[in-house]
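The structure appears right after this line, and notes come after that.
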Amino acid sequence: MPPATPAIARTARPLDGLRLETSGPPGPADGLVSEHLRLLGAQGDAHPGSRSTLSGPEFGGFTTHTTWGSRSVDEATVQAATGIMAVHGRRDSTPRGLAADYTATATGLLSVQALLAGLLAQARGGHMTSAEVSAERAGLLAVSQYLAAAGAEEAEAAELAPGGPPFTSSDGIVFELETLDPGAWATFWRALDAPSDAVRRGWRPFQFRYATACAPFPESLHSATRGHAWERIRDAARSSGAEVCPLHTLAERAVEYDGAPPWKLTPHEASYSGVTAHADAPLAGLTVLEAGRRIQAPLTAHLLGLLGADVVRIEPPGGDPLRGMPPACSGISARWLALNRGKKAVEVDIKSATDRARLRTMAADADVFLHNWAPGKAAELGLDHEHLSAANPALVYAYTSGWAGRLPGAPMGTDFMVQARTGVGEAVRPADEPPAPSLMTLLDVLGGLIGAEAVLAGLLLRQRTGAGVRVDSSLLGAADVLTAPARARAAQGLDPRRPAGFRRPLPTSDGWIALADHCAVPYDMRDLSTAQALERLRERGLSAVPVVTDLAGLLSSGSISRDAHGAPAVPAPWRFA
């Protein structure tokens, strides 16, 4: 790529100077796609439409097309068909729909990713012109870790049964609890006079709730919190090292909302001359170093790998302990494989000065460095943006955090705590259900999607300006994107919650069905089989699908493959052409 021209060098955002046009019938998350593209610099009057095209002087134009999928017609039917209702409903013992438009949100983020990746490919000499994104594939990606576990060769290590947080104090405060330390867990409950046996038996399901989407711990733990006032519970958390967070409402979040985009791009000095790649994959020839834990950062890197980047995973001595999380396929955690298959691994002891120097040397030859360490840890280790960019000014330095420093005094930045703090518990439950965060890792997944969007935006900005970029994204940004429609209703003084029974599947004699969002329930169908109920509804012109209740049933659907370890692998969420 030739040096940046003066016109290109003035580019401040990745899509400055590009025009956005939309066309076609409405599709999933039209408004989200247009909003994010405009935030990234695109101009144009966008109307609802499933096709979004970006064009400009440097590019031949790139189009994404969003669809609901082959079997689904809207949000409710996608959630039913991809297992989301089954996973979200585990805490309550029956399938439940998310009242928020979760798969549409994910589809919109994936569409923006495809546009950024396609333009980046063109800028690097590629010839891609379009991509298709379906909400069904987005839904499968969202449940990929649960699906992988369902297809493993051994059983779950923790029971799949109803139960879990949030908890309630004697004075009516509903709250989430978080700790990653079994000692802090035990100390917290002892301070509340919980039975020792219940404390011991409760730790494993609590610890595994991120993986199983349920936590069937003893009822006596709920009784223990109901026996104490909120101030006593807060004192127990402070003295133990655990953290508690009351469930906030969408109205509260609307009042404090700062209007910030879900990511922040900070360019620095120009030094990147460009690397030409003619391969089919948009990121072919680029290297990503990933130092991530759990879901958010590993999913970001996984998506970049699916787009063609070489991903090198930085793991502690002895390897990532999550490789051993059951259930396993060929001796490796199926859940771990869902987000990390195909990555190379290098063991680095970041506590060692020698190994930190080795990591800085690796970063000097990389295109992206990605991590989700605790706030302040990178700076403490000498591995923050300023340290790595000194040796590699062209680096795209990506930090996927919990709060992005936007909420002073916020609790630990984990999925369920961010859900509690931002009103997600209200947004995902209809009016006849008490607000409660989902035990499906909603924000970790969306946080990973937003992280990948931010990295792609940073790479495109670097390509156009010759400048390295720091990109910051967060679970808070993911929550704000997911709850935007409900938060807007709350800001207007309207009821932000969906009506009673919204997206609640209907039982049949042998299963469950989900009607499309626009269809009213005509009658009780518990005496009909699922096949009979679907036929009767279709005769009346109503759209409905069977609800997937056993994720293992999806493994024979034709879209799920197996990796080299025998673990189920969901398809890439985009189709490029």
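Heavy-atom basis, side chains included; hydrogens, waters and symmetry copies ignored.
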Report the C-alpha separation of T63 and S130 in whole Å, then their side-chain angles, then the decisive distance to 0.1 Å, and conclude whether the side-chain hydrogen bond (donor to acceptor under 3.5 Å, both in side chains) test is met. CA-CA 5 Å; T63 299; S130 65; over 6 Å; no
K343 side chain to P298 main-chain N or O, any donor-acceptor pair under 3.5 Å? yes
Does any N or O in the side chain of K264 come within less than 3.5 Å of the main-chain N or O of A260, such that one atom is a donor and the other an acceptor? no
Got more than 12 heavy atoms from elsewhere within 6.0 Å of CZ, R38? yes
Residues L459, L283; criterion side-chain contact (heavy atoms from CB on, under 4.5 Å); working and verdict: CA-CA 9 Å; L459 286 168; L283 303 189; 4.2 Å; yes
Looking at Q419 and L443, would you say the former's side chain and the latter's main chain have a donor-acceptor pair under 3.5 Å? no
Do F188 and I233 pass the side-chain contact (heavy atoms from CB on, under 4.5 Å) test, and can you show the C-alpha distance, the side-chain angles, and the key distance before you say yes or no? CA-CA 8 Å; F188 172 80; I233 291 169; 4.1 Å; yes
Donor-acceptor contact below 3.5 Å, side chain H248 vs main chain P246: yes
Expected output: side-chain N392 to main-chain S389 donor-acceptor under 3.5 Å: no
Determine whether W336 and H565 satisfy the following criterion, ring-ring contact (aromatic ring centres under 6.0 Å, His included), listing intermediate values before the conclusion. CA-CA 12 Å; W336 188 90; H565 301 277; 8.5 Å; no
Tell me the closest heavy-atom pair linking N340 and R313, and the distance in Å. OD1-NH1, 3.4 Å
When you measure from the side chain of D415 to the backbone N and O of D444, does any donor-acceptor pair fall under 3.5 Å? yes
Do T441 and R294 touch side chain to side chain, with heavy atoms closer than 4.5 Å? no
Cation-pi between R209 and F206: NZ/CZ under 6.0 Å from ring centre and within 45° of the ring axis? yes
Run the side-chain contact (heavy atoms from CB on, under 4.5 Å) test on E315 and R323 for me, step by step, so that the C-alpha distance in whole Å, both residues' side-chain angles and the decisive distance to 0.1 Å come before the verdict. CA-CA 11 Å; E315 300 190 358; R323 287 175 179 265; 3.0 Å; yes
Quick one, T465 and P267 - any side-chain contact, counting heavy atoms below 4.5 Å? no
Given 3.5 Å as the limit, does a donor-acceptor pair link the side chain of T483 with the main chain of A479, or not? yes
How far does CG of L120 sit from CD of Q113, to the nearest 0.5 angstrom? 13.0 Å
Are the side chains of L370 and L289 in contact, using a 4.5 Å heavy-atom criterion? no
Ring geometry between F62 and F576 (parallel below 30°, tilted from 30 to 60°, perpendicular above 60°): tilted
Would you confirm whether S144, through its side chain, and L140, through its main-chain N or O, come within 3.5 Å as a donor-acceptor pair? no
Report the distance from atom OG1 of T422 to atom CZ of R253, rounding to the nearest 0.5 Å. 7.0 Å
Please give me the minimum heavy-atom distance between L395 and A363, naming the atom from each residue. CD1-O, 3.9 Å
Could you tell me whether E132 and R137 have a side-chain N and a carboxylate O separated by less than 4.0 Å? no
Closest approach of R335 and P327, non-hydrogen atoms and distance? NH1-CD, 3.3 Å
Gap separating the CG atom of L15 from the CD atom of Q43, nearest 0.5 angstrom: 10.0 Å
Could you check whether any side-chain N or O of R421 sits under 3.5 Å from a backbone N or O of P411, counting only pairs where one atom can act as donor and the other as acceptor? no
Considering all heavy atoms of both residues, which atom of L250 and which atom of A486 are nearest to each other, and what is their separation? CD1-CB, 3.6 Å
Quick one, E453 with H36, criterion side-chain hydrogen bond (donor to acceptor under 3.5 Å, both in side chains). Give me CA distance, side-chain angles, the key distance, then yes/no. CA-CA 10 Å; E453 180 184 297; H36 282 215; 2.9 Å; yes
Check for me whether R487 meets the cation-pi criterion with Y257, that is, NZ or CZ under 6.0 Å from the six-membered ring centre and within 45 degrees of the ring axis. yes
Are the aromatic ring centres of F369 and H385 under 6.0 angstrom apart? no
Output for pair (L303 CG, L141 CG), nearest 0.5 Å, gives 6.0 Å
Shortest non-hydrogen contact from G458 to L265? N-CD2, 4.4 Å
Minimum heavy-atom distance E347-G319, with the two atoms named: OE2-N, 3.4 Å
Could you walk me through whether Y102 and H88 satisfy the side-chain hydrogen bond (donor to acceptor under 3.5 Å, both in side chains) test, starting with their C-alpha distance in whole Å, then the side-chain angles of each, then the deciding distance to 0.1 Å, before giving a yes or no? CA-CA 11 Å; Y102 189 74; H88 173 58; over 6 Å; no
Given the rule in the side-chain contact (heavy atoms from CB on, under 4.5 Å) test, do T287 and D365 qualify, once you have shown the distances and angles that lead to the verdict? CA-CA 8 Å; T287 298; D365 295 322; over 6 Å; no
Okay, side chain of R341, backbone of D563: is any donor-acceptor separation there less than 3.5 Å? no
Determine whether L147 and V570 make a side-chain contact, defined as any pair of heavy atoms from C-beta on separated by less than 4.5 Å. yes
Are L456 and P282 close enough that some pair of their side-chain heavy atoms sits under 4.5 Å apart? no
Using a strict 4.0 Å threshold on nitrogen-to-oxygen distance, state whether D367 and R462 make a salt bridge. yes
Answer yes or no: is there a side-chain heavy-atom contact under 4.5 Å between D101 and L482? no
Could you tell me if the side chain of L98 sits less than 4.5 Å from the side chain of L442, heavy atoms only? yes
With rounding to the nearest 0.5 angstrom, report the NE2 to CD distance, H127 to Q122. 9.5 Å
Measuring from W189:CH2 to L177:CG, what's the distance to the nearest 0.5 Å? 6.0 Å
Short N-O contact, R470 and D384, less than 4.0 angstrom: yes
Would you mind reporting whether V445 and Q145 have side-chain heavy atoms less than 4.5 Å apart? no
R575, CZ: over 12 other non-hydrogen atoms inside 6.0 angstrom: no
